Amino acid sequence: MTVALVVVSHSRKIAEGAVELAAQMAPDVRFYAVGGTDDGRIGTDLERTIAAFEAGLAEASGDGVVVLTDLGSAVMTAESAVEFCSEPDRVLLADAPLVEGLVAAAVATQGGAAAASVKAAAESIRFGPEPTFDPAESARSQGRGQPAESDEFELINPMGMHARPAAKIAGGLAGLDVEATVNGVDGTSIMELMSLAVGQGGKLRIEAWGKDASKAVNYVRRLVEQGFGEI
Amino acid sequence: MRLGVDWAVQWLTLSARLMSEHREELIALDRAIGDSDHGENMDRGFQAVMEKLAQTPPETPGAALKLAAMALMSKVGGAAGPLYGTAYLRAATALGESAEIDAAALAGALTAARDGIVARGKAALGDKTMVDAWSPAVEAADEVLVAGGDAVAVLAAAAEAAEVGAVTTDPLVARKGRASYLGERSAGHRDPGAASSALLLRAAATAAGFPEGAAE
C-alpha cells in the first residue's frame, strides 16, 4: 500500500476499535491506532502521534499518511504533530467523522488510491441534512449543459454496488479534474453512490463534465469491467 | 528593567505551584462545562515541566519556554496541551536566543503566544475560551509598552487584564471546545482555560517581582 492510515483519538479503545472495524474491509492496509495518554488516561499524546506519523511515513514510502481524528484536541494534537514531523507535506489530516471516514479511507487505500484521494474519500462522508443534489438543476445552475462524455455500464460483480466499489469510484473521480454524476448522484460521494443500491446486472450511467471527462468515464468503465477486482 | 532566564524559570516554577494549588478549583470549573480533567491535566503538565527544568537547566528565557512547550504538549493530554504548548513555543521563537528581554520583546512574545493559541484552536474573542484571557492581556501589555512602561509593568498589566478577561467568560455561551456541546447551558460558568491562563499570567508578573517582593 502506498498510503498508511493513522487514528488519533482520546481513547485507546476508540482508536483500536475503529481500526479493528476498518481493517475488516481493508486487510492489506497498515493502520496506526494512537489513543489515550501514555499512562492510560483519556487524552491525546503528541509524542506517540509523531511516532505513528514517522512509522506511517516509512511504511508509505511512495505516497503519504492520512490521519483521522475524533474530538477537537485530537485535531490540535495531530496538527502539532504534523508541524514537528519530518515530512509535513506528506501527512494529510482528513476532516471527517472518525469511524465512517476511516472505513472510507481504508477501502480507498485498499483499492490503491493515492493519499489525496484517500483523504477525499474520507471527507466525502458528511452528516447533517440529506444532500439535495439535483444533477439537472446543478447542470443548469452551473451552465454546464449536456455532459461532455457519458456512458452506461452493467454491473457484473456479484455484490453490485457496496462500500468498496463506491470508494473506488469516488476516490478515483475525486482525483480528476471533472464533475461527474453516477445515476444522477455526485460521483465523488461514497455515501451517495452506496445509496444507489444497484445490484448485479443493474446499470450505472455516468455523465461527466470538464477536462478529464473522458478519463472519468474510462475509469468507471474499467472498474465495472473488472468487477471492481471482486471476480 | 530586563528579565533573564531566572525570571523564566521562576515563572514556570510559580506556574507549577499555582496549578497544584488551584487544581481542585480548575477541576470544578471543568466539571461544570467540560470533561473535568483540566486541573489534573495542568498539574501533571507542569510537574513534567519541573522535571525537565531539573534535568536540563535552560540558559535563556526562550530555551526555558521551549522546554515547557514540549513538556506540556506531551504530558497534558487535553486540549490545553497543544494550545499552551503552541503558545509557549511561539513565545520562545519570538524571544530567540536573547539572554535578557526588555518590555518590547516581552510584549512581542505575549502577542506571539496569543496568536499561537488562536491559530491552533481557531477560537475568536467571545467564544468562551482562553483567548478571552489572552487577548485583553496582549492589548493591555501593548498599551503599557506604548506608554513607556518596563517589563514588569507590561506583565502586571497583562496579568490584571487576563483576570478581568477570565471573569468576562462567565455569562458567555461556549462556541469552541467540549463546552460548546452544552450550548446555552455553558453560560453562567467560568471557562477553565481562561481561568488557568489568568493564573499563568499572574505567575509571570509575580516572578518578575510584581508586586515587589511577592515572588520571594
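Computed from a prediction, not measured in an experiment: that's the story for all the values here. Just so it is clear: chains get the letters A, B, ... in the order the sequence lines come, proteins before strands, and each one is counted from 1.
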Quick one: side chain to side chain donor-acceptor pair (under 3.5 Å) partners of B/Arg185, sequence neighbours excluded?
none
Which atom names give the shortest non-hydrogen contact between [X] and [Y], and what distance separates them?
X	Y	answer
A/Thr77	B/Pro82	OG1-CG, 3.6 Å
B/Ala79	A/Ser73	CA-CB, 3.2 Å
B/Gly77	A/Thr37	CA-CG2, 4.1 Å

Where on B/Lys176 is there a heavy atom nearer than 4.5 Å to chain A: the side chain, the backbone, both, or neither?
neither
Proximity breakdown for B/Ser74 and chain A, heavy-atom pairs closer than 4.5 Å:
both
Expected list for residues 45-73 of chain B: side-chain donor-acceptor pairs under 3.5 angstrom, two or more places apart:
from, atom 1, to, atom 2, distance (Å)
B/Gln47, NE2, B/Asp43, OD1, 3.3
B/Thr56, OG1, B/Lys52, O, 3.2
B/Thr60, OG1, B/Ala63, N, 3.0

If you count heavy atoms of other groups shown closer than 6.0 angstrom to [atom1] of [X], is the number above 12?
X	atom1	answer
B/Glu100	CD	yes
B/Lys122	NZ	yes
B/Glu160	CD	no

Name the option with the most non-hydrogen atom pairs under 4.5 Å to chain B; the candidates are [options].
options	result
A/Arg48, A/His10, A/Glu83	A/Glu83
A/Asp45, A/Leu71, A/Thr49	A/Leu71
A/Ile50, A/Leu46, A/Ile42, A/Asp39	A/Leu46

Separation of A/Arg41 CZ from B/Glu40 CD (nearest 0.5 Å):
5.5 Å
Please flag which part of A/Thr44 lies under 4.5 Å from any non-hydrogen atom of chain B: side chain, backbone, both or neither.
both
